[in-house]
Amino acid sequence: MTCTIEKILTDAKTLLERLKEHDTAAESLIDQSAVLHRRVAAMREAGAAWAEKGQGAAAERADPSRLRPPVLLSQENTQIRDLKRENRELWVSLEEHQDALELIMSKYRKQMLELLQGRKGEDAEPASKVHQANSLEIESQIDRICEMGEVMRKAVQADDDQFFKVQERLAQLELENKELRELLSISKESFEVGREDLPD
């Protein structure tokens, strides 16, 4: 019976180490999301500056370097989708660990109950103290897992909101690009008509 309890404790420690790794991964994702948020803000500023300068000459409007923000937004969209997929995978992994921890706890409680019932009353008190201490530790780990889950849920929600904002901004920039191209085409046509009307 002692061997089985030791195995359960070893499994619980292994699970705790994995949860710490997932905690580190979640913190890394939060940092990446912050960096991504700053890059999107910088792209918004570049897009706003681009829109303000859109009133310049037609030659400047045709400059290919001005078409860069939509391309960057497309790359950011891909990164956001990758982060969302990774968040979902981490979320599923976290739920699996929670289920495993609950299973380990139920087996642990069952074995402790059998152990307590099989011993005399004088031997039951130390085992009860060990059980209580382990239960408190595992409950604190479960609370921590729940907190991690809430943080990850909020991160997924923030990523979803950011993704939709980027999509909306990309659509606006594409519309502006299309309108600017039409204006450029019209100005080229009027310029060519004006040149044809001039005497040689």
Side-chain angles (χ1 to χ4, degrees), residues 18-99 143-200:
R18 288 183 183 165
L19 289 173
K20 285 180 182 177
E21 291 173 5
H22 284 287
D23 189 27
T24 305
E27 289 175 3
S28 172
L29 280 176
I30 290 170
D31 292 342
Q32 290 176 5
S33 296
V35 169
L36 191 59
H37 178 69
R38 287 194 294 270
R39 289 179 67 184
V40 169
M43 288 189 324
R44 280 189 188 142
E45 291 175 11
W50 181 60
E52 289 174 7
K53 291 181 181 179
Q55 304 297 327
E60 287 183 359
R61 287 188 199 135
D63 185 5
S65 66
R66 294 183 142 315
L67 302 177
R68 193 176 246 171
V71 173
L72 290 176
L73 283 175
S74 176
Q75 292 172 353
E76 295 299 324
N77 284 343
T78 304
Q79 291 176 353
I80 289 171
R81 280 193 294 271
D82 291 343
L83 283 174
K84 285 176 68 178
R85 181 183 48 75
E86 192 172 343
N87 278 349
R88 285 191 196 98
E89 290 173 0
L90 285 172
W91 185 252
V92 169
S93 178
L94 182 65
E95 289 178 344
E96 288 174 357
H97 282 293
Q98 280 181 312
D99 293 341
D143 290 341
R144 188 167 178 213
I145 288 170
C146 291
E147 290 173 5
M148 285 172 53
E150 188 61 29
V151 167
M152 293 180 73
R153 192 177 295 116
K154 288 178 181 176
V156 168
Q157 182 64 40
D159 284 346
D160 287 343
D161 294 343
Q162 190 63 34
F163 176 75
F164 290 126
K165 287 178 184 176
V166 169
Q167 285 287 86
E168 182 180 346
R169 183 61 183 154
L170 178 60
Q172 289 174 352
L173 288 173
E174 287 175 349
L175 182 61
E176 288 176 13
N177 188 348
K178 183 179 177 183
E179 291 172 356
L180 289 173
R181 287 179 182 271
E182 289 175 359
L183 287 172
L184 178 62
S185 174
I186 291 170
S187 65
K188 281 184 178 179
E189 289 175 5
S190 63
F191 179 74
E192 289 173 2
V193 166
R195 283 181 59 186
E196 289 173 3
D197 291 341
L198 289 174
D200 292 334

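Note that the coordinates shown come from a computational prediction; the quantities given were computed from them, not determined experimentally.
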Which residue in the set K84, R153, R81 passes salt bridge (Lys or Arg N to Asp or Glu O under 4.0 Å) when paired with D160? K84

Hey, does [Y] have a side-chain heavy atom less than 4.5 Å from the side chain of [X]?
{"X": "K178", "Y": "E182", "value": "yes"}
{"X": "D161", "Y": "Q157", "value": "yes"}
{"X": "D82", "Y": "T78", "value": "yes"}
{"X": "R169", "Y": "V40", "value": "no"}

Which residues share a side chain to side chain contact (heavy atoms under 4.5 Å, CB included) with K154, sequence neighbours left out: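 K154: side chain to side chain contact (heavy atoms under 4.5 Å, CB included) contacts with E150.
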
Are the side chain of S187 and the backbone of L183 linked by a donor-acceptor contact shorter than 3.5 Å?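 Yes; judged by distance alone, with no hydrogens or angles, the pair exists.
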
Rounded distance [0.5 Å steps], [atom1] in [X] versus [atom2] in [Y]:
{"X": "T24", "Y": "L29", "atom1": "OG1", "atom2": "CG", "answer": "11.0 Å"}
{"X": "L83", "Y": "I30", "atom1": "CG", "atom2": "CD1", "answer": "11.5 Å"}
{"X": "L173", "Y": "E168", "atom1": "CG", "atom2": "CD", "answer": "11.0 Å"}
{"X": "E96", "Y": "D99", "atom1": "CD", "atom2": "CG", "answer": "8.0 Å"}

Looking at every heavy atom in both [X] and [Y], which two are closest together, and how far apart are they?
{"X": "L90", "Y": "H22", "value": "CD2-ND1, 3.5 Å"}
{"X": "M152", "Y": "N87", "value": "CE-O, 4.0 Å"}
{"X": "I80", "Y": "D159", "value": "CG2-O, 4.1 Å"}

Step-by-step side chain to side chain contact (heavy atoms under 4.5 Å, CB included) determination, L19 to R144: CA-CA 9 Å; L19 289 173; R144 188 167 178 213; over 6 Å; no

Steps toward side chain to side chain contact (heavy atoms under 4.5 Å, CB included) verdict (E179, L175): CA-CA 6 Å; E179 291 172 356; L175 182 61; 3.8 Å; yes

Among residues at least two apart in sequence or on other chains, which ones pass side-chain hydrogen bond (donor to acceptor under 3.5 Å, both in side chains) with R85? E89

